[in-house]
Amino acid sequence: MKHGRRSFIKGVGAASLATTFPLAACTSPLAPAVIGNGKMKLSFRPYKLQLRHTFTVAGNSRNTTPVVLTEIDYEGYTGYGEASMPPYLGESQESVIKFLSKVDLEQFNDPFMLDDILEYVDSIDEENRAAKACVDIALHDLIGKLVDQPLYRLWGINPGNTPMTSFTIGIDTPEVVKMKTEEASRFKVLKVKLGGGNDKEMINTVRSVTDVPLYVDVNQGWKDKHEALEMVHWLNEQGIEFVEQPLPKSAVDDMAWLTAHSPLPIIADEAFQRLGDVASFKGVYSGINIKLMKSTGLREAYKMITVARALDMKVMIGCMTETSCAVSAASQLSPLVDWADLDGNLLISNDIYEGVQVVDGKVTLNDLPGIGIKKLSS
Ligand code: MG
């Protein structure tokens, strides 16, 4: 017999639910949440993340990242969300707040109607992907809290299969790169930013400290496909596992040529945004880097993974500089991917949440409901 989640939560107490409803993965009785008469209330505020180190990638350098923190209140429960706006994405605190001011969640009285709610949010404007993500994340956190389960459990994902996460080393002088690499000794894999004109020096400096596997992210910093291929061959000899966005996102033919000739997987990041992009990337890239701030959140990110797998493509999950809120949300999906780069919360000094942890280099999920975070301060 099929039960709608809404009616089954509404009508059944926690104790009887645990015995009558066959949720094999349940380890605790479901919260006796009441769905039906409440109104969802969205609130939001700007917040500035302070970076521990100046962060330099091909193209720019910065010490802070603007974010907007959201909360959706419903029937005494609060779901947390976050939008992060590194400058290259084209969103700002102002544009996110403008977008969120148009979002009317009070028209919905059942937070489990994710399709209806998120299709409505997506239809408000063409762009604003980070703004959409902060609503999606808060909504997912809320529904997990309403049934008192972590999202990975609701999705049937084994939390034991989380990957290692890389820690990112930005472009800098050999002295600073050496220091940052030494500081990152608890990570079992590093991601090195290239494309700043000192690529071999960057890799050689990191290699002078550690022999852990390395990922490379060029952030569109190489311009010539032949030089790119030569560098990819050299990187292959240095124990690099894949190369992210080596050429400009507009150079589609050159990228397809490079992917066809490359001994290493080539992963799309800046070129890749939404679900509709995935199929067109088959043959151009070996895989995709999914980030919640590009995908408009968790629901579309999950679909991207499904489509990429159907196309036999590699999947990476990454993040921006973010608090533990958005990073913990992305981590819920991490057991499904090949590679994770979920270090955004570790790059900042003023996180206001506690959530996913890195233990022995591995993304480690907790048992907290929803996206798995606790608020530390306001
Ligand atoms: Mg990247």
Side-chain angles (χ1 to χ4, degrees), residues 51 53-62 65 84-91 129-130 133 163-172 177 180 184 187 189-196 199 202-203 206 213-223 228 231-232 235 240-252 255 258-259 262 264-274 277-278 281 284-295 301 304-305 308 313-322 326-327 330-331 333-334 337-348 363:
L51 307 190
H53 295 289
T54 302
F55 194 65
T56 305
V57 302
N60 73 78
S61 229
R62 63 180 199 270
T65 300
S84 173
M85 286 79 66
Y88 74 92
L89 279 188
E91 291 184 76
R129 291 184 299 272
M164 295 286 171
T165 178
S166 55
F167 183 81
T168 301
I169 308 289
I171 296 169
D172 222 311
V177 169
K180 286 185 184 171
F187 295 90
V189 53
L190 298 175
K191 179 159 121 174
V192 184
K193 295 285 192 180
L194 298 186
D199 294 345
M202 285 289 299
I203 297 294
V206 172
L214 302 179
Y215 308 155
V216 153
D217 188 355
V218 189
N219 292 111
Q220 317 182 74
W222 298 341
K223 303 301 172 205
M231 185 57 79
V232 172
L235 292 171
I240 277 67
E241 297 213 344
F242 66 82
V243 178
E244 205 180 314
Q245 202 66 58
L247 298 168
K249 60 183 179 183
S250 56
V252 178
M255 200 69 83
L258 183 62
T259 298
S262 170
L264 294 173
I266 304 290
I267 307 299
D269 185 7
E270 285 87 338
F272 174 67
Q273 309 284 351
R274 298 288 304 261
D277 298 333
V278 184
F281 281 29
V284 181
Y285 294 89
S286 323
I288 50 170
N289 184 355
I290 297 171
K291 294 175 180 172
L292 300 186
M293 297 305 140
K294 300 191 297 178
S295 72
M304 287 171 170
I305 296 173
M313 292 177 76
K314 295 284 188 189
V315 180
M316 171 181 183
I317 195 155
C319 60
M320 309 298 175
T321 36
E322 295 163 353
V327 173
S331 299
L333 288 169
S334 69
V337 309
D338 300 294
W339 303 297
D341 180 32
L342 294 170
D343 64 350
N345 55 331
L346 307 172
L347 303 174
I348 63 169
V363 176

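Each ligand, and each atom within it, is numbered from 1 in the order the structure gives. Counting begins at 1 with the first residue of the sequence. Since this is a predicted model, take the numbers as computed values, not measurements.
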J.: What's the OD2-the Mg ion (ligand 1)-OE2 angle here (Asp217, Glu244), rounded to 10 degrees?
T.: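 Once rounded, the angle between the two atoms at the Mg ion (ligand 1) is 100°.
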J.: Write the atom name of the N, O or S atom in Asp269 that is nearest the Mg ion (ligand 1).
T.: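 Sorting the N, O and S atoms of Asp269 by distance to the Mg ion (ligand 1) puts OD2 first.
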J.: Decide whether Asp343 and Thr165 meet the rule of one side-chain donor and one side-chain acceptor closer than 3.5 Å.
T.: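 No, Thr165 and Asp343 have no side-chain donor paired with an acceptor closer than 3.5 Å.
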J.: Side-chain contact test, heavy atoms from C-beta onward, threshold under 4.5 Å: evaluate it for Met320 versus Lys294 and give yes or no.
T.: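 Yes, at least one pair of side-chain atoms sits under 4.5 Å.
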J.: Under 2.8 Å from the Mg ion (ligand 1), can any N, O or S atom of Glu270 be found?
T.: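 For Glu270, the answer is no, given that no N, O or S atom comes within less than 2.8 Å of the Mg ion (ligand 1).
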J.: Is a side-chain N or O of Glu322 found less than 3.5 angstrom from the main chain of Ser84, in a donor-acceptor match?
T.: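 Absent.
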J.: Minimum heavy-atom separation for Ala330 and Leu292, please, with both atom names.
T.: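 Heavy atoms only, the tightest pair is N-CD1, 3.6 Å.
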